[in-house]
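Have a look at the structure below, then the notes.
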2 protein chains.
Amino acid sequence: MPYLKKPIPQPEPIDCRILSAALDLFVRDGYHNVSIHHIQKQANVSVGSIYNHFGGKEGVARALYIHILKEIEELVDDAITAETSPLMQCQRIIRDLFSYTESHRNIIAFVFHARHVEFLPNEPHACDSAPFIKMRGIVAKGIACGELRALDHWVAAATLFGGAIRMIQLRLEGKIEQPLPHYLDEIMTAALSGVKADSDGRAGC
Amino acid sequence: MPYLKKPIPQPEPIDCRILSAALDLFVRDGYHNVSIHHIQKQANVSVGSIYNHFGGKEGVARALYIHILKEIEELVDDAITAETSPLMQCQRIIRDLFSYTESHRNIIAFVFHARHVEFLPNEPHACDSAPFIKMRGIVAKGIACGELRALDHWVAAATLFGGAIRMIQLRLEGKIEQPLPHYLDEIMTAALSGVKADSDGRAGC
DNA sequence: GTCTATATCCAGATAGAC
DNA sequence: GTCTATCTGGATATAGAC
């Protein structure tokens, strides 16, 4: 039996351990309250390895930021392909963000709760990143095709997603007791009624 | 002529200079990127004075935080006394927050943009502070008297204020070109239509 | 009360063995 | 590639003169 040919089941590759340890610590204590040494202990690696892989604490944060934004972008892309109308796409995104907040708390917290500009001054701000640009693109399309009212695009996006984002933040801060999906319908209808065009039949999407 | 009896016009008392210098720096660079020495230089005082008045950097931040929350609370109180119905009070608060964002940018930025928990771990979170509790109280009253729909209170508050807060944040980040009051009407009607009760005449407030 | 000069500490970064 | 040990810079905090 080839026991010995099997590699010892290394639980995770070293860079993943570093990233997930850093994510936990950054979210719990805030970037500036976490030192390389904290990460090193939590991930069971050495300082040297962290520098080898990421070039330092800021490098870890940058890798994390990019990785997580990519994950959010996938969530948005999935919504875009799964639904046809902009309105349904927005609904889908909110729904998925809500359930993601429950299942991948720290990922959502890192995006919606950290002030990246304070430690990644050279990275574009989150709201200039691909997933958020795409979300605004959906809103613009909804307005163009008459599904949404002809509001300023920023206003429409803020109204549509503002309430949901606020709920996510409150949930992350522990203010809201129930899991977010519990509030999904109420939030959705409230947000939509602010931006939906008067339903006079034409859905040109 | 009593020229000499007049005190030399000291532009500001020392502790105010410290606080306003700290506010500027905290907002611009983030608490953790600002040192006592930065504050000292910007305020034209000595390190010793800062320690005498506030006991250190954290003390400065705490004093600032408390002071600013009190200012926001006044804004909320003014709205409550100036208007009678909860709905009008909410409108008034949003309107005043918008104009405050333009006229007292850093004050609003410090409240809505900084992560206080990361440097004032023993202070209550902003959303547990008096002004925000009062805002939720207004919402609760609006629901109780039938002016607002019978939503979950968190949902109602998030819907009513979420869009406006999002606009404030975007404006602070420089994403929005126009001064906020320019968007006031659109934001207001969009937010209100999500929470207003079907107008069937009864306004029991 | 206000200042300058100094002490202490700790995080970030590096060197060099394995 | 991974580790430990060490160096360095800078920030907080204090001491003591004025």
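As the structure is a computational prediction, the values presented were derived from the model and not from experiment. Within every chain, numbering begins at 1; the chains are lettered A, B, ... in the order of the sequence lines, protein sequences first and strands thereafter.
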Practice task
On DNA chain D, check which nucleotide each of B/V47 and A/V47 is closest to and give me the residue with the more 5' one.
Solution key: A/V47
Practice task
Round to a whole Å and report the spacing from CD1 of B/I36 to C1' of C/dC9.
Solution key: 15 Å
Exercise for the section: Give A/H53 one of three labels, base, sugar-phosphate or nothing, depending on what nucleic acid heavy atoms sit under 4.0 Å from its own. Expected result: sugar-phosphate
Problem - Any donor-acceptor pair under 3.5 Å from A/R115 side chain to B/H113 backbone - result: yes
Practice task
Have a look at B/E83 and tell me which of B/R95, B/R92, B/K141 forms a salt bridge (charged side-chain N to carboxylate O under 4.0 Å, His left out) with it.
Solution key: B/R92
Problem - Whole-Å distance separating the CD atom of B/E58 from the C1' atom of D/dT12 - result: 12 Å
Practice task
For B/F54 and C/dT2, give me the distance from atom CZ to atom P, rounded to whole Å.
Solution key: 11 Å
Practice task
Kindly point out which of C/dA11, D/dC3, C/dT2 is positioned nearest to the side chain of A/S35?
Solution key: C/dA11
Practice task
Measure the distance from CD1 on B/I50 to P on D/dA11 and round it to the nearest whole Å.
Solution key: 13 Å
Exercise for the section: For the side chain of A/S46, starting at C-beta, report the closest nucleotide among C/dT2, C/dG12, D/dT2. Expected result: D/dT2
Exercise for the section: Starting at atom NE2 of B/H37, determine the distance to atom P of C/dC3, rounded to an integer number of angstrom. Expected result: 14 Å
Problem - Atom pair distance, as rounded to whole Å: CG in A/N52 and C1' in C/dA15 - result: 12 Å
Practice task
Answer yes or no on whether A/K70 is positioned over the face of A/Y65, meaning its NZ or CZ is under 6.0 Å from the six-membered ring centre and within 45° of the axis.
Solution key: no
Practice task
Would you mind telling me which of C/dC3, D/dT2, D/dT12 lies closest to the side-chain atoms of B/S49?
Solution key: C/dC3
Problem - Interatomic distance where NZ belongs to A/K41 and P belongs to C/dC10 [whole Å] - result: 12 Å
Exercise for the section: Could you tell me whether the side chain of A/R166 and the main chain of B/F161 form a donor-acceptor pair under 3.5 Å? Expected result: no
Handout entry: Note, B/E123 side chain near B/R62 side chain (heavy atom, < 4.5 Å)
Key = yes
Problem - Proximity to the side chain of B/Y51 - top-ranked nucleotide from D/dA13, C/dT2, C/dG12 - result: D/dA13
Handout entry: Value in whole Å for how far the C1' atom of C/dA11 lies from OH of A/Y31
Key = 11 Å
